[in-house]
Amino acid sequence: MMFFQILFALSFLFSFSNASNFCVGDLNAPQGPAGYSCKMAETVSVNDFVFSGLRAAGNTSNLTKAAITPASSTQFPGVNGLGISLARQDFAVGGRTTMHTHPEAMEIVIVIQGTKHCI
Ligand SMILES: *[C@@H]1O[C@H](CO)[C@@H](O)[C@H](O)[C@H]1NC(C)=O
Ligand SMILES: *[C@@H]1O[C@H](CO)[C@@H](O)[C@H](O)[C@H]1NC(C)=O
């Protein structure tokens with residue numbers, strides 16, 4: 001069992017150690033529909049795969065009493081071109097999100113904390 005855990009960890013590390021498998025976004029390059037151009041492999045760093053901005057609650061002092069903190073390739077270059085992104089959305093009491101659609105993406109919402117509040 002331990003062997004498989006180690007093997008899995010190693011294969012995970014190897015897959016991340018070869019930066020050419022990834023197209024880490026070059027935030028200084030223009031962004032196209034498929035994302036950013038790839039950074040030169042020798043300039044890729046561990047920081048491209050780390051994003052801690054979702055820890056802090058967003059500022060909900062506005063009309064919608066809501067705040068969105070995105071973690072897409074602009075904030076988190078390691079997800080560039082993978083077709084995934086994350087976001088944190090905070091709502092104050094009575095907060096709401098405006099009507100919108102996601103025509104080219106799926107959205108999974110996980111409620112971490114809160115109570116049902118009917119207005
Ligand atoms: C939250 O946003 C409001 C309105 O922009 C601002 O006045 C306030 O200082 C902000 N609060 C924090 C904690 O950043
Ligand atoms: C205000 O509302 C907008 C739209 O929901 C949101 O993106 C933003 O983060 C909110 N907070 C502030 C301080 O603008």
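When a residue number appears, it is its place in the shown sequence, counting from 1. Only heavy atoms go into these numbers, but all of them, side chains included; no hydrogens, no water, no symmetry mates.
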- Give the intermediate values and the outcome of side-chain contact (heavy atoms from CB on, under 4.5 Å) for residues Phe91 and Thr60. CA-CA 6 Å; Phe91 295 98; Thr60 57; 5.8 Å; no
- Query: For Phe49 and Val79, what are the C-alpha separation, side-chain angles and deciding distance, and is it a side-chain contact (heavy atoms from CB on, under 4.5 Å)?
  - Reply: CA-CA 8 Å; Phe49 297 96; Val79 300; over 6 Å; no
- Any side-chain heavy atom of Leu86 within less than 4.5 Å of one from Phe51? no
- Do Leu54 and Ile84 belong to the same hydrophobic cluster, where Ile, Leu, Val, Met, Phe, Trp and Tyr are linked whenever their side-chain heavy atoms lie under 4.5 Å apart, directly or via other members? yes
- Search all heavy atoms of Ser37 against all heavy atoms of Cys23 and return the closest pair with its distance. C-SG, 4.1 Å
- Using salt bridge (charged side-chain N to carboxylate O under 4.0 Å, His left out) as the criterion, list what pairs up with Asp90, not counting sequence neighbours. Arg88
- Are the side chains of Gln89 and Thr69 in touch, meaning some heavy atoms are under 4.5 Å apart? no
- Item | Closest approach of Val50 to Phe76 (non-hydrogen atoms, all atoms of both residues) | N-CE1, 3.9 Å
- When rounded to the nearest 0.5 angstrom, what distance separates NZ in Lys39 from CG in Leu27? 7.0 Å
- Query: What residues form a side-chain hydrogen bond (donor to acceptor under 3.5 Å, both in side chains) with Ser72, not counting sequence neighbours?
  - Reply: Gln75
- CZ/Arg96 to CG/Leu63 distance, rounded to the nearest 0.5 angstrom? 8.5 Å
- Message: If you define the side chain from C-beta out and look only at heavy atoms, does anything of Asn80 sit under 4.5 Å from Val24?
- Response: no
- Note on the structure: Interatomic distance, CG@Asn47 vs OG@Ser52, rounded to 0.5 Å, equals 9.5 Å
- Within a strict 4.5 Å, meaning less than it, do heavy atoms of the Val93 and Lys65 side chains meet? no
